Amino acid sequence: MEVQVSKTTNGIEEQVIKIISEEDKKNPLADQEISSKLYISRSRTGEIRNALGIPDAQERRKTLLQEEIKRIVKKNPNISERNLTTELNTLGFHISRNTITNSFFDILQTSGFAKNEKKEKIMQEPLENNKPSDIFLTMIGHERSLKPKIEQAKAAILYPSNGLHTLIIGAPGVGKTELAELMYKFALAYKKTNVNDYPFIPFNCADYAENPQLLLAQLFGYRKGAFTGAENDQDGLVTKADGGILFLDEVHRLPPNGQEMLFQLIDKGHYRRLGETNALHKAKVMIIAATSEDIEKNLLITFRRRISMVIELPSLALRTLEERLDMIREFFFQEATLLNKRIIVTLQALRSLLSYNCVGNIGELRSDIQVSCAKGFLEYVTNGLDDDSIMIDVPTLPIHISKSLYNIVWDRKKVEKILSDDLIFLPGTKIFEKVKESAYTFPNDIYKNIEVEYQQLQQQGLSDEIINRIITDGLETNLKKIISQIKNNKYNLITKDLRVIVRPEIILLVEKMLTIAEAKLGSFDNTLFYCLATHLNASIDRIKTCKYSSNLCLHNVKQYYTREYEVAKEMAFLTKEHLGIDLPEEEVGFIAMYLKATANKDVYDTAAIGIVVVSHGNVAQGMVSVANRFLGVDLVKAVEMSLDEKIEIAFKRTLEAVMEVDQGKGVLLLVDMGSLDTFGNQITLQTGIATRTITRTDTLMVIDAVRKILLPENNLDMVADSLTKEKISKISHLDKNRKKSNYVIVCFCLTGEGVAQYIASIIKKEVLQICNKINIIPIGVLDAVTIKEQIDTIMQNSNILIIVGSINERYHDIPFISAAEVIQNGPQKLIEMVQNRYEASQLYMDKAFSKVFNRELIEINEEVKSKKEALVLLVNKLVDKSYVTENYIKGVMARENMGSTVINNCLAIPHGYGEDIIKSGIGILVLKKAIEWESGVMISLIFMLALNEQSQNEFQRVYRIISNLDIISQIEKAENVDAVFHLLENA
């Protein structure tokens, strides 16, 4: 509408006129939006607008909205309010269904187009052929988590004679407004009345919170002259709601005097308009109020007492996964109908929407889905896709979801129980779940799925070893789902599908393959026959056209499924004999996976081995968090022991964690070092729970441990033995392929050591000029050991100055430079970085050693007769040099009584409590003759650690020293104190 100005204007008034004249006519600016542009109060904006004779936003849009509604209804007289709202929003109006509900018919009547019976028909549209109780069927969770809430809502409406006043509470976005509207529709149906006789008047108190006077005027009405601008008597919303329901949203924004006026209305059924002193007005109103705030703090107790029914709606996090999936389905269906396009939502996107932390609850979930559909639609339009479908995948989701995708904990069993595939949403029809064309189409997409997922995960900055585990885990899950589908559809496969889609020569080949499998591994379910036949039928076609690529899961298959892989190689050999085709390793790996999967009846066991990760310092929780969230389980617990914590307290916490995760199959303890490795035996003796302990744990070991315990056939000893074997092989593998060095530069390449070795060759000469102790270690990501595991092992014996690689493999605070930059621009920048890093490390080492290692704390070639004598000697030296108090000996003895402090059966690291440490230091005792430290263990070298919580950096370096058997051996052979200190200084 065109703004008509009735008065002479000044500067601020001209700005108001300008802003309103330039606004979107379909969505005029509210006073709050205008005030934010001009940096004035909302009430001041309202006063200026009224003084200029400009109507409010709703009135300014009214004429335009009338015209559009008339046109739409004339074209489709039977249109529902939902579809009318959708069409108006498509035309550019930002309008809610609630606004249509309360304004639609008034607008039509004003235009002379609609009649009252039309208003009744559409308002009661959901009631056709249904009972009143059916009204709440549209609310997701009506038969589950929301059932008691809906019963409360019904009881409030049914209570004679005018219902119980109700307060709906809950976090923003949980559905408070939706429940209030359904209560109203339920009342209409139950009372068998219409909207004229039983109105529903909604009011959001937050809209006028900055101007309490105006808020009360809107609510209760006002007399002429009650305030500036009140030129006529005006009824309020209470008058309009007489005989029906007044819905007050954000009721906590109602000022105290407003709450008092409201409970007067509740108590006595009358009220006064603003500015009145004597006149009373009567109204029979049921109040439904809603708030997201603490009612104890934000509502007067006198008001709360008068609200008989309080309904608390749960947050989305407290709703079941099934209910959340139902919401996701409903919202995507609505968007498909709005866009009139088919929407395909991938399984990974659905898993993300089910799992991410949706702070804004249902409202945010719906908004995120709308944003996703908008991004998907934009891609559809800009790319000119032939397929009339909008694809929603993880990259299409809002950035806060995709960023948090791998920082969330999701329940694997529950998610995969309710989600099996992508979903397709068709406009205007019921949801259609995507069904594969046959049970066999998955194998055709194996390589494509792996490559696409790999690229997506790499774009999100994940390292190759983590990507490898995610893809492998997902692939195994999908294989097991296919097997489950085949088992459930076996009759149809036998009678129809198999002979039609699989060539006879393939069937003959598989029959002979199964003869080998059963001879080597025992009998299999017939499902294996169907899986291999269909898989190989598709694989042969791919091989003939060279359409296959690297299987990222192959390494894991070889490592974890050794027997199956060997048998699969024998089976694959038959393809050469029968078809003249050599099956590549990738296909052998898939055959091994089918062998493994079909040997198990269930994907998951009902009980699993528990895992507890225990560490010194703040390490364990990070490893546990990664393992749990990547594998979608909650089977791992963390216990972190501070350097000054009493060992009995740490033991007690570890015991509690073990009891919490134990499900009857035992508990695996993954610890870093020291006395922690004795906790398992003590816990088993105390509780009877079977335990196994593995030391020198890292994040990848925790992930692998979780993967292994998910396999039903594994028991505690099998998992522990395999992890121990892998740990030894990884360390020996690295030791064979590199020289020991104090300082190293790590060069790595995605495809192997080729580029890494080239980089090493062009920088070697200049690096040696900086320091002849710097060694260059080339490693390949496709080696049997992942890059971070290799770096972890290198760090145990060396100081890494810089990492050069093909992708930015961030590792702690070690600098990185890309291999491409070195090759293209030369090694100068790299050399400068190495120089700076080396010099900084020298300064740091000198400073660190001055703190924890000191010549005055080293004793060599001492003769002692017992462990106790050695401990007393070292403590006395620390006391004499003011490193610890005399009470330190008590903590040392207490820790020794709790468990072993022996490392690698050659070194003891006794230590006391941090509260008795004055300053950090390490006492070193090299014995002339070994003594028995504990049963059967002879010790000749002792490091007494007096390290407090501020010594984290020093502790990590000390750990690298005491883990290095070469250094320990040299210290034991040292002839004097200076020689020992020199070894430590250069370690």
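Residue numbers run from 1 in the order of the sequence given. All values below were derived from every heavy atom in this structure, side-chain atoms included, with hydrogens, water molecules and symmetry-related copies excluded. As the structure is a prediction and not an experimental result, all values here were calculated from the model.
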Side-chain donor or acceptor of N361 paired with backbone N/O of G363 under 3.5 Å: no
Validation row: I140, L146 side chains within 4.5 angstrom (heavy atoms): no
Donor-acceptor pair, side chain of D197 and main chain of T193, under 3.5 angstrom: no
Test item: M327 and R366 side chains (from C-beta on) under 4.5 Å apart, heavy atoms: no
Chi angles and distances behind the ring pair (Phe, Tyr, Trp, His ring centres under 6.0 Å) call for F303, F263: CA-CA 6 Å; F303 177 64; F263 72 66; 7.4 Å; no
Check: N194 side chain, L188 main-chain N or O, donor-acceptor pair, under 3.5 Å: no
Exam field: side chain S355 to backbone S352, donor-acceptor pair closer than 3.5 Å: no
Pair T346-D422, side chain to side chain donor-acceptor pair (under 3.5 Å): steps then yes or no: CA-CA 4 Å; T346 67; D422 303 348; 5.2 Å; no
Output side-chain donor-acceptor pairs under 3.5 Å for residues 163-176, partner residues at least two apart or in another chain, one line each.
unit_1: H165; atom_1: ND1; unit_2: I287; atom_2: N; d: 3.0
unit_1: T166; atom_1: OG1; unit_2: L164; atom_2: O; d: 2.9
unit_1: K176; atom_1: NZ; unit_2: G170; atom_2: O; d: 3.2
unit_1: K176; atom_1: NZ; unit_2: A171; atom_2: O; d: 3.1

Derivation of the salt bridge (Lys or Arg N to Asp or Glu O under 4.0 Å) call for K341 and E335: CA-CA 8 Å; K341 299 286 182 188; E335 296 306 307; over 6 Å; no
Side-chain heavy atoms of L88 within contact of E68, under 4.5 Å: yes
Residues in side-chain hydrogen bond (donor to acceptor under 3.5 Å, both in side chains) contact with D368, at least two apart in sequence or another chain: Y356, H400
Partners meeting side-chain hydrogen bond (donor to acceptor under 3.5 Å, both in side chains) with T291 (sequence neighbours left out): H252
Closest contact, heavy atoms only, E178 versus T138: OE2-O, 4.1 Å
Main-chain N/O of K284 paired to D242 side chain as donor or acceptor, under 3.5 Å: yes
R342 (side chain) donor-acceptor with I424 (main chain) under 3.5 angstrom: no
Under-4.0 Å salt bridge between E312 and K149: no
CA sep, side-chain torsions, deciding dist, call: Q218, L215, side chain to side chain contact (heavy atoms under 4.5 Å, CB included): CA-CA 5 Å; Q218 290 287 325; L215 190 158; 5.9 Å; no
Which residues share a ring-ring contact (aromatic ring centres under 6.0 Å, His included) with F203, sequence neighbours left out: Y208
Closest approach of L316 to C358 (non-hydrogen atoms, all atoms of both residues): CD2-CB, 3.8 Å
Sidechain-backbone polar pair: Q259 side chain, L254 backbone, donor-acceptor under 3.5 Å: yes
Residues K637, E660: salt bridge by 4.0 Å N-O rule: yes
Enclosure of K240 NZ (heavy-atom neighbours >12, cutoff 6.0 Å): no
Residue list, side-chain hydrogen bond (donor to acceptor under 3.5 Å, both in side chains) with E323, at least two apart or on another chain: S145, R319
A156 versus M286, closest heavy-atom pair with distance: O-CE, 4.0 Å
Side chain R324, main chain L353, donor-acceptor under 3.5 Å: yes
CZ-CZ distance between F332 and F425, expressed to the nearest 0.5 angstrom: 6.0 Å
Set of ring-ring contact (aromatic ring centres under 6.0 Å, His included) partners for Y198, sequence neighbours left out: Y184
